[in-house]
Amino acid sequence: MRITVIGGGKVGYYLVKTLLDHKHKVTLIEKDPDRAQKIADELGVLVIKGDGSDLNTLKEAEVDLAKVLVVVTGKDEDNLIAVQVASENFSIPRIIVRVNNPKNEEVFQRLGIETTVSSTGTIAGLIEKEAVTDEIKTLLTFERGSMTIVEATIRADSPVVDKSVLQIASKLPQNCVLVTVLREHQVIFPRGDTVLRKGDALIAVTTLDNQDALEIVLMGAAKRRV
Amino acid sequence: MYVIIAGCGAVGSQLANTLAKAMHNIVVIDEDNKSFEKLEPGFNGRTVQGNTIDLEVQRKAGMDKADVFIAVTQNDNANLMAAQMAKKIFSVRQVTARASGTHAQMISARHNIEIIYPVTLQIRQIMEVIS
């Protein structure tokens with residue numbers, strides 16, 4: 001796949017390297033001439049020396065042929081303008097942009113930039129996920145991390161043990177759906193009359209905001225997170 | 001009138017000094033506290049130290065009640081981003097940014113931001129002098 005990367009800093013450099021390993025056709029745009037030369041020599045990749053927010057540089061890099069544009073300079077203002085210039089002038093199927101300061105994620109969204117990647121945010125999210133106990137596990141996150149699919153294993157002292165789905169339905173937080181009950185080797189699609197038992201693994205879809213509330217309903221008062 | 005100026009360089013500081021004398025409510029933002037030394041001793045406006053594209057800094061400067069925002073830092077893209085924030089997030093009526101290049105024009109048209117082109121202005125002035 002043809003991919004253009006703007007920004008040859010630490011993130012950009014390793015990204016280009018990884019993309020090349022995966023046999024993608026990569027073009028890099030880097031402002032600093034020394035750095036551009038060094039990366040070109042070292043990785044044997046086409047490097048355009050120039051400002052990624054400048055239309056002429058983007059044209060020179062043939063951004064219009066790229067399937068994906070990844071903007072990862074260390075400056076949020078440069079990333080924002082580069083994305084705006086690129087999306088205004090070319091129809092690139094997918095544009096991914098890095099947000100350095102987590103606070104700017106909201107700003108980017110309000111300025112109309114949807115797909116942002118925040119390394120600080122991602123790492124913080126991963127640590128938080130690892131830090132939770134096994135009571136409720138995150139299986140998958142989507143919609144930029146705001147929706148999750150979780151798995152909770154019902155214990156003997158859980159407040160929902162031996163209760164039917166109908167009985168607990170009113171206690172569940174909003175925007176949360178019980179999808180499946182895994183009982184031994186059986187897959188049960190829960191209905192109102194399905195009774196939850198000790199040892200059941202409950203799969204639910206929830207918004208991230210409601211994950212804690214869901215855990216309290218299923219497992220009792222939270223005794224996790226230090 | 002409540003005016004916020006981002007960037008206390010040669011242009012920003014003089015603009016602030018002039019506007020403050022005209023009895024406007026002036027706030028100047030700059031990353032470097034030393035830049036504020038360019039303001040006159042009698043400057044009666046407010047200074048905010050911080051990054052212009054930081055939402056908190058803009059809030060601290062009172063962007064939500066500003067009538068005018070002028071971004072004249074040394075960094076074109078920061079000016080353009082700060083200006084968009086002022087317009088889109090805080091709905092400031094009159095927003096101006098100093099920038100150059102074709103992308104400034106495009107952003108100006110799309111986001112209703114006035115752009116000051118220093119290069120164009122200088123060339124125009126030189127042309128006036130020599131013609």
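Just so it is clear: chains get the letters A, B, ... in the order the sequence lines come, proteins before strands, and each one is counted from 1. Note: hydrogens, waters and symmetry copies are ignored here, and every other heavy atom, side chains too, is used.
Within a 6.0 Å sphere centred on CD of A:Gln109, heavy atoms belonging to other residues, nucleotides or ligands number more than 12. The number of heavy-atom neighbours closer than 6.0 Å to CZ of A:Arg94, taken from other residues, nucleotides and ligands shown, is 12 or below. Heavy-atom neighbours of A:Lys38 NZ from other residues, nucleotides or ligands within 6.0 Å: at or below the threshold of 12. More than 12 heavy atoms of other residues, nucleotides or ligands sit less than 6.0 Å from atom NZ of B:Lys38. Around NZ of A:Lys10, the count of heavy atoms belonging to other residues, nucleotides or ligands within 6.0 Å does not exceed 12. Heavy-atom contacts from other residues, nucleotides or ligands closer than 6.0 Å to CD of B:Gln14 number 12 or fewer.
Only the side chain of A:Asn104 comes within less than 4.5 Å of a heavy atom of chain B; its backbone N, CA, C and O stay farther away. Contact annotation for A:Leu111: both backbone and side-chain heavy atoms come within less than 4.5 Å of a heavy atom of chain B. For B:Ile107, the part lying near chain A is the side chain, with the backbone staying farther off; criterion is any non-hydrogen pair under 4.5 Å. Using a 4.5 Å cut-off between heavy atoms, A:Asn89 contacts chain B through its side chain alone, with no backbone atom that close.
For the side-chain hydrogen bond (donor to acceptor under 3.5 Å, both in side chains) criterion with A:Glu77, the lone passing option out of B:Thr73, B:Asn79, B:Asn75 is B:Asn75.
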Quiz item: Would B:Arg110 and A:Gln84 count as a side-chain contact (heavy atoms from CB on, under 4.5 Å) if you check the C-alpha gap in whole Å, the side-chain angles of each, and the deciding distance to 0.1 Å?
Solution: CA-CA 10 Å; B:Arg110 183 149 277 241; A:Gln84 289 182 327; over 6 Å; no
Exercise. I would like to know whether A:Leu80 and B:Asn77 meet side-chain contact (heavy atoms from CB on, under 4.5 Å); could you show each step before the answer?
Key: CA-CA 8 Å; A:Leu80 174 80; B:Asn77 286 347; over 6 Å; no
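Residues A:Arg110 and B:Ile89 are in side-chain contact: their nearest non-hydrogen atoms beyond the backbone lie under 4.5 Å apart. For the pair A:Val107 and B:Met81, the minimum side-chain heavy-atom distance is below 4.5 Å. Taking the side chain as every heavy atom from C-beta outward, A:Lys75 and B:Ile53 never approach each other to under 4.5 Å.
A distance of 11.0 Å separates CD of B:Gln105 from CG of A:Leu55, quoted to the nearest 0.5 Å.
For A:Val85 against B:Met106, the heavy-atom pair with the smallest separation is CA-SD, 4.0 Å.
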